[in-house]
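Just so you know, these numbers use all the heavy atoms, side chains as well, and skip hydrogens, waters and symmetry mates.
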Amino acid sequence: MTAHALEGDKKSLSLSEIHDKLRLSGARITAQREYILDVFFKLGQDCHLSVEDIYRILLRQDKGSISLATVYRTVKTLYGLGILREIDLAEGHKHYELSSTNDHHHHIICLNCNETIEFSDRAVNDLAQKIAEQFSVEVQDVELKIYGKCLHQHAREPASTAPGDLHDHRR
């Protein structure tokens, strides 16, 4: 699966901001937390990883002392502290990305090829804030997910493509 930004840039939390969040919450800065954060920082701010993806990357990096259960617990902790953002990309499991320090961003998910497009839209965020105020709720996160099927996929398929043969246009 790929992700790319349509408009607007998000700014991920810096490592020092993350360490501050951990300290303020009373959480320790453990080697396991550092390993997982390192995965996100190395892959960049547009990566959306499942716990299993993170675990496989850590195994390839020879972090064999970390178990899958530890990765699950650590990701849950980082999500609970607002360091990671949990997103559902219609794949039957959650994905995670580093939280951003600026405006909330949103996702378009193609059900044909699983491509994910990130975008920012001030009107969506403003509407969410207005609705939250009507119900006396403080906004913690706003996420609009648009599920659809990319139109350019069919335009690029040769006429002789058999039904069921999907053209993969992931970048």
Who pairs with Arg56 by salt bridge (charged side-chain N to carboxylate O under 4.0 Å, His left out), at least two apart in sequence or on another chain?
Asp53
So, taking the atom named CD1 in Ile108 and the one named SG in Cys150, what distance separates them when rounded to the nearest 0.5 Å?
11.0 Å
Using the side-chain hydrogen bond (donor to acceptor under 3.5 Å, both in side chains) rule, collect all pairs that involve residues 126-135, keeping only residues at least two apart or in two chains.
Arg122-Asp126, Gln129-Glu133
Residue list, salt bridge (charged side-chain N to carboxylate O under 4.0 Å, His left out) with Arg33, at least two apart or on another chain
none
Going by heavy atoms in the side chains, are Glu52 and Val71 under 4.5 Å from each other?
no
Between NE2 of His95 and CG of Leu84, what distance do you get to the nearest 0.5 Å?
13.5 Å
Please report the interatomic distance CG(Leu98) to CD1(Ile18), rounded to the nearest 0.5 Å.
5.5 Å
Residue set satisfying side chain to side chain contact (heavy atoms under 4.5 Å, CB included) with Ile29, at least two apart, ordered chain then number -> His19, Leu22, Arg23, Glu34
Apply side chain to side chain contact (heavy atoms under 4.5 Å, CB included) to Leu68 and list each qualifying residue two or more places apart in sequence or on a separate chain.
Val51, Tyr55, Tyr72
For a quick test of your reading: what N or O donor-acceptor pairs under 3.5 Å do the side chains of residues 74-83 make, sequence neighbours left out?
residue, atom, partner, partner atom, Å
Thr74, OG1, Thr70, O, 2.7
Thr77, OG1, Arg73, O, 3.0

Can you tell me how far apart CD1 (Ile57) and CZ (Phe40) are? Round to the nearest 0.5 Å.
8.0 Å
May I ask you to list the residues sharing a hydrophobic cluster with Phe135, side-chain cutoff 4.5 Å, ordered by chain and number?
Leu127, Ile131, Val137
Spacing of Cys110 atom SG and Lys149 atom NZ [to the nearest 0.5 Å]:
8.5 Å
Looking only at non-hydrogen atoms, find the nearest pair between Leu144 and His106 and report the distance.
N-ND1, 2.9 Å
Would a 4.5 Å heavy-atom cut-off, applied to side chains only, mark Tyr96 and Leu49 as touching?
no
For Leu15 and Phe41, which heavy atoms make the closest approach, and how far apart are they?
N-CZ, 3.7 Å
By side chain to side chain donor-acceptor pair (under 3.5 Å), Ser136 pairs with (sequence neighbours left out) none
Between the CD1 atom in Ile54 and the CG atom in Leu59, the distance rounded to the nearest 0.5 Å is 12.0 Å
